[in-house]
Amino acid sequence: MAHAETHDPNTPLEYRSEIGRLNILGFWIFLGAEIALFSTLFATYMVLTHRIADGPALGELFEVKSLLIQTFLLLTSSFTCGLAVHEMRRHNVKGLITWMVVTLGLGLGFLYFEIQEFLHFIHEGANIGTSAAWSGFFILVGTHGAHVTFGIFWVTMVLIQVAKRGLTPATSAKVFITSLYWHFLDVVWIFIFTAVYLMGMVMHHG
Amino acid sequence: MANKTAANEHHGFPWKHLIGFVLSIVLTLFALWIALGTDLSLTWILIIIFGFAFLQAALQLLMFMHVTENSTKSNLTSRVQIGNILFAAFVAIVIVIGSVWVMAAGHAKHDKHNHAPKTENHENHGSHGGGSEHDSGEHGSHE
């Protein structure tokens, strides 16, 4: 395997094994596919956004406060996730785990407020079956939320592995890949923030 | 971008991350203000907030995800990563703008000829099953 390779002492652990390098590159390609997946959901949502049938308009129910709370929780979690990788590259396992746990906490907070918001919408008479527009909304935002949920489980598993096995080329590549996934979710949220919430509120208010 | 291997930079204070974080917060609040706090026209609002969104996505990729970083001495991996993400972004833009454009243009045309005799055929078709609430099922559009 990677025994014969020589490394610059500065090379991060996750890039030291062939498998680690290929997995990271492969994950970038997977993220390209995820971009395509989300783009179809965005396209569906944006095409259907005015088809509200007898239900409420989208912008009518969006609230700035809830939106900002969710956005800042996710933005900050992306930042702390970056700090975790930064600590990993200094071979600081404790720092890595600490920042990742903070990231998970912020992710859970995001999910809590997102679910609260969904329940609020349903209470106001907008569920997934209310209209084409609301179907598009719940599928798009819900798919993102499902990704966050999956990410929380995934990061937790990887952290358990790091705690058990320490930082090796294998575990650090896994941490790095989960960090790419987490940042990617923030990127998707930026577009949900803009295309769904801001546009919805602008269209509704004038 | 030079031939930067994934090294150095990662000792000391994480300035890159902090700058990325502050900028993303500033861009988020600025986009919100543009959208809800100004009297700009809808077109301008959309151009600006989507411009900010792409800028912020680029920030994440560069500051947090290290997209330009290379795992080997050659800069092949960063080129593959960047090329792949740019291609995915291109596909995404084509899918979204293409869908919106095709559907919007189709409806505009439909609306225009809505009252012309040629569409009579269409309406008959629609009312066939629906009775009084014709149109709503088949076209789903009242714009």
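Values below: all heavy atoms of this structure, side chains included; hydrogens, waters and symmetry mates excluded. Numbered from 1 within each chain, the chains take letters A, B, ... in sequence-line order.
- Contact tally against chain A (heavy-atom pairs below 4.5 Å) for B:Thr28, B:Ile97, B:Asp39: the top residue is B:Thr28.
- Contacts between A:Ala33 and chain B at a heavy-atom distance below 4.5 Å are absent for every atom of the residue.
- Only the side chain of B:Leu29 comes within contact range of chain A, with heavy atoms under 4.5 Å apart.
- Nearest heavy-atom pair across B:Val96 and A:Met46 is CG1-SD, 3.6 Å.
- Ring geometry for A:Phe79 against B:Phe21 counts as parallel: the plane angle stays under 30°, on a 0 to 90° scale with 60° as the upper cut.
- Within the 4.5 angstrom heavy-atom criterion, only side-chain atoms of B:Ile45, from C-beta onward, approach chain A.
- Ring centers of A:Phe191 and B:Phe50: at least 6.0 Å apart, outside the cut-off.
- Under the 4.5 Å side-chain criterion, counting only non-hydrogen atoms from C-beta, B:Ile85 is in contact with A:Trp28.
- Between B:Met65 and A:Leu180 the shortest heavy-atom distance is CE-O, 3.5 Å.
- Closest approach of B:Ile95 to A:Ser39, counting heavy atoms only: CD1-OG, 3.3 Å.
- Residues B:Met103 and A:Leu48 have side chains not in contact (no heavy-atom distance under 4.5 Å, counting atoms from C-beta outward).
- Interface remark: B:Phe52 contributes no atoms to any contact with chain A (heavy atom separation under 4.5 Å).
- Taking OG1 of A:Thr194 as the reference point, atom CD1 of B:Ile48 lies at 12.5 Å (rounded to 0.5 Å).
- The two atoms that bring A:Phe176 and B:His66 nearest to each other are CE1-CD2, 4.0 Å, heavy atoms only.
- Contacts of residues 135-158 of chain A with chain B at a heavy-atom distance below 4.5 Å are absent; not one residue qualifies.
- For B:Leu18, the parts sitting under 4.5 Å from any heavy atom of chain A are the backbone and the side chain alike.
- Of all the heavy atoms in A:Ser78 and B:Gln60, the pair that sits closest is OG-OE1, 2.9 Å.
- Chain A forms more heavy-atom pairs under 4.5 Å with one residue of B:Ala57, B:Gly98, B:Gly20, B:Ala89 than with any other, namely B:Ala57.
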